[in-house]
Novice: 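Dropping a structure here in structure tokens format, bear with me for questions.
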Amino acid sequence: MNPAWVQHLLALGMLLGAGHASSSATDTWCYTDPKCGPATWGALGQCNGLKQSPININTSAAVPNAQLDALSLTGYEDGEKLSSMENNGKTVYVHVEDGLRLRGQGLPYVYTAQSFHLHWGEGKQKPGSEHLISDKQFDMELHIVHTKNNLNTSDALQDPQGVAVLAFFLQASDQADSSDAWDSFTQCLKKVPVERNTVHLDDVFSLSDLLGPVDLARYYRYKGSLTTPNCTEAVIWTVFPDPILVSPDVVDAFPSILRSKDGSKLYNNFRPVQSLGDRQVQASAALQNSHSASPALHPAALLLLLLSTAALIWHL
Ligand SMILES: *[C@@H]1O[C@H](CO)[C@@H](O)[C@H](O)[C@H]1NC(C)=O
Ligand SMILES: *[C@@H]1O[C@H](CO)[C@@H](O)[C@H](O)[C@H]1NC(C)=O
Ligand SMILES: *[C@@H]1O[C@H](CO)[C@@H](O)[C@H](O)[C@H]1NC(C)=O
Ligand SMILES: [Zn+2]
């Protein structure tokens, strides 16, 4: 609140951190320990800002934008571009080589995928997505991180429109079509159980395989931040409300296989929702059409519409 107080906290933080050569915000924060959890991140970077992520997307309050049509993704079917998987102690992270491009309305540049990672709770027991859709939390959330004109991440974070993240939910379902891609992903997790473990990926799955039949025309759009310190406010978010359905075993695999450096389980690695403030969330055209069009598509409603139109014409 009081700037002088914040300055003191920052100075104290620097003094405390001075003993460690590589000390920075990025290795002193955590999720589940109250000493370094999300409630303490306010002192780091922009984490106390007014345009933070994630948020709870109130679908009734989202503003329709007819310009927002299907995103264009090129190269996402190429599994050879996914070069390695790493357990970094906070999440499981896949490095993406140059070649996957994202274009779309409301995205002022061509954005290139750099990496992707996930957030989760405690498996089927407890959901752990970061964004909520009208108060609903999903089991997991996949973030594909892209930078403007293929800038490196540190340069992209200097630009308020430097980063574009695509967010997809994963939901455990007994009705899930068996997905070989998520089964392969889960097999790879077993090779990186401990923080700093890395495994080379040899074209075992592609991002298109992981996304499956998700509709790239149905999404919400807003401006926000990274969801980890330094919480830099440089992200154009695209959040897809229709989850990727996966087998319950996939959702259970993450918290049960992965551990951090001290051997503790890697779970509940999601930031709580932040306030929307005076920002606006936009809804893509396809989301809007599905709301207004679905009753009219019902055969009975359509017949009624035809009859009333005919009656109107008759009277004229
Ligand atoms: C995070 O923010 C702090 C304070 O603004 C800064 O000193 C530090 O260099 C930042 N760290 C990174 C990784 O950007
Ligand atoms: C969601 O938005 C609608 C429409 O603006 C509003 O009436 C409602 O109170 C909002 N719900 C919440 C939980 O904020
Ligand atoms: C990012 O790119 C800029 C310019 O291309 C370069 O100066 C900088 O060292 C790079 N940073 C990293 C972390 O690679
Ligand atoms: Zn993330």
Novice: Side-chain donor-acceptor pair under 3.5 Å between Ser134 and Thr59, yes or no?
Specialist: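 A donor-acceptor contact under 3.5 Å links the two side chains.
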Novice: If you group Ile, Leu, Val, Met, Phe, Trp and Tyr whenever their side-chain heavy atoms sit less than 4.5 Å apart, what else falls in with Leu132?
Specialist: Val273
Novice: Suppose the criterion is disulfide bond (SG atoms under 2.5 Å apart): which pairs have a residue in residues 97-129, not counting sequence neighbours?
Specialist: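 Output for this query is empty, none listed.
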Novice: Any sub-3.5 Å donor-acceptor pair from Asn87's side-chain atoms to Pro193's backbone N or O?
Specialist: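 Checking the backbone N and O of Pro193 against the side chain of Asn87, a donor-acceptor pair under 3.5 Å is found.
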Novice: Which of these, Thr228, Asn230, Thr40, sits in a side chain to side chain contact (heavy atoms under 4.5 Å, CB included) with Trp29?
Specialist: Thr228
Novice: Could you point out which residue of Tyr222, Phe270, Tyr219 forms a ring pair (Phe, Tyr, Trp, His ring centres under 6.0 Å) with His131?
Specialist: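 With His131 as partner, ring pair (Phe, Tyr, Trp, His ring centres under 6.0 Å) holds for just one option, Tyr222.
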Novice: Kindly give the cluster partners of Leu50, where membership spreads through any ILVMFWY side chain lying under 4.5 Å from a current member.
Specialist: none
Novice: Is it true that Glu86 and His95 share a donor-acceptor pair across their side chains at a distance under 3.5 Å?
Specialist: no
Novice: Would Asn65 and Gln288 satisfy side chain to side chain donor-acceptor pair (under 3.5 Å), going step by step from the backbone distance to the final call?
Specialist: CA-CA 8 Å; Asn65 179 348; Gln288 191 53 27; over 6 Å; no
Novice: Identify each donor-acceptor pair in which a side-chain atom of residues 200-210 lies under 3.5 Å from a protein atom, sequence neighbours left out, and give them as a table.
Specialist:
from, atom 1, to, atom 2, distance (Å)
His200, ND1, Ser83, O, 3.4
Ser206, OG, Ser208, N, 3.4
Ser206, OG, Asp209, N, 3.0
Ser206, OG, Asp209, OD1, 3.4
Ser206, OG, Asp209, OD2, 3.1
Ser208, OG, Tyr76, O, 3.0
Ser208, OG, Glu77, N, 3.1
Asp209, OD2, Ser206, N, 3.2

Novice: Under a single-linkage definition using a 4.5 Å side-chain heavy-atom cutoff for Ile, Leu, Val, Met, Phe, Trp and Tyr, are Leu287 and Leu276 assigned to the same hydrophobic cluster?
Specialist: yes
Novice: Could you pull out every donor-acceptor pair under 3.5 Å between side chains of residues 237-247 and any protein atom, sequence neighbours left out?
Specialist:
from, atom 1, to, atom 2, distance (Å)
Trp237, NE1, Ser53, OG, 2.9
Trp237, NE1, Ser225, O, 3.0
Thr238, OG1, Arg221, NE, 3.1
Thr238, OG1, Arg221, NH2, 3.1
Asp242, OD1, Arg218, NH2, 3.3
Asp242, OD2, Arg218, NE, 2.7
Ser247, OG, Asp249, N, 3.1

Novice: Does the plane of the ring in Tyr111 sit parallel, tilted or perpendicular to the ring in Tyr109? Use 30° and 60° as the thresholds.
Specialist: perpendicular
Novice: According to ring pair (Phe, Tyr, Trp, His ring centres under 6.0 Å), who are the partners of Phe169, at least two apart in sequence or on a separate chain?
Specialist: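 With neighbours one apart ignored, the set is Phe138.
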